[in-house]
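See below for the structure under consideration.
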Amino acid sequence: MVKLLMVILGAFSLATASAQTASELSDKYAHHEVYEVQPGVQMTAKFAPDGRVCEMQIEQAHFGKDGVDLRNGIDKEHINGLVDELVPQLERGEEDKADLPNGMEIGTGQVFESVRSYSNVRVHVLSSHVITVACIRWRHWTC
């Protein structure tokens, strides 16, 4: 009986000893702020030293409270609405035609890339088939 109790306690202590704390993970890996902006859509934010957001990355969430979602991503039309929600036109500023005349849109094989430049941000969208991701970077401060 004592041996059985020792084995159970030993197994329990091994299981709890291998659990990592938030502090241990932060010491070992870079940390990013991730927000669910709509069901199934996540935005990862990076911040400038003064605390202001300097970059946002928008993509489909694959892991959530209801399990794993393996859909192919966000459709390209949905991205424009998400950009409008996260950085409204007043915050983006005027479109900067001198920086990128008519925007920059490149199709290379199976990947479509679009970059729109505004006075305050640059919006970079990548699409491959139906998978679409976007990155919004502020132009006047860096991460």
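To the nearest 0.5 Å, atoms CE (M56) and CE (M43) are separated by 4.5 Å. To the nearest 0.5 angstrom, W141 atom CH2 is 12.5 Å from F47 atom CZ. Rounding to the nearest 0.5 Å places CD1 of I58 at 13.0 Å from NE2 of H124. A distance of 11.0 Å separates CZ of R137 from OG1 of T142, quoted to the nearest 0.5 Å. Distance check, rounded to the nearest 0.5 Å: CD of Q38 to CD1 of I74 gives 8.5 Å. Here the straight-line distance linking atom OG of S117 with atom CZ of R122 works out to 4.5 Å at 0.5 Å rounding.
In this structure the side chain of V37 reaches within 4.5 angstrom of the side chain of L86, judged on heavy atoms. Taking 4.5 Å as the limit, some side-chain heavy atom of R116 sits within range of a side-chain heavy atom of E95. Within the 4.5 Å cutoff, the side chain of E91 has no heavy atoms near those of the V121 side chain. With a 4.5 Å cut-off on side-chain heavy atoms, L126 and F112 do not count as touching.
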- Message: For a side-chain contact (heavy atoms from CB on, under 4.5 Å) check, start with the C-alpha distance between T132 and Q60, then their side-chain angles and the critical distance, and finish with the verdict.
- Response: CA-CA 8 Å; T132 302; Q60 176 191 336; over 6 Å; no
- Task: Go through the steps for D96 and R139 under the test side-chain contact (heavy atoms from CB on, under 4.5 Å), then give the verdict.
- Result: CA-CA 11 Å; D96 188 349; R139 297 180 70 186; 3.1 Å; yes
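Under the salt bridge (Lys or Arg N to Asp or Glu O under 4.0 Å) criterion, the residue pairs touching residues 22-51 are K46-E55, D50-R52, with sequence neighbours excluded.
Smallest separation of non-hydrogen atoms from C54 and A48: SG-N, 3.6 Å. Heavy atoms only, all atoms of each residue included: G93 and S119 are closest at CA-OG, 3.2 Å.
No continuous path of ILVMFWY side-chain contacts below 4.5 Å connects V34 to V87, so the two sit in separate hydrophobic clusters.
Applying the side chain to side chain donor-acceptor pair (under 3.5 Å) criterion to N80, with sequence neighbours excluded, gives no partner residue. Residues passing the side chain to side chain donor-acceptor pair (under 3.5 Å) test with H140, sequence neighbours excluded: none.
A donor-acceptor contact closer than 3.5 angstrom is absent between the side chains of Q57 and H32.
Tested against R92, the residues I136, N120, V83 include a single side-chain contact (heavy atoms from CB on, under 4.5 Å) partner, V83.
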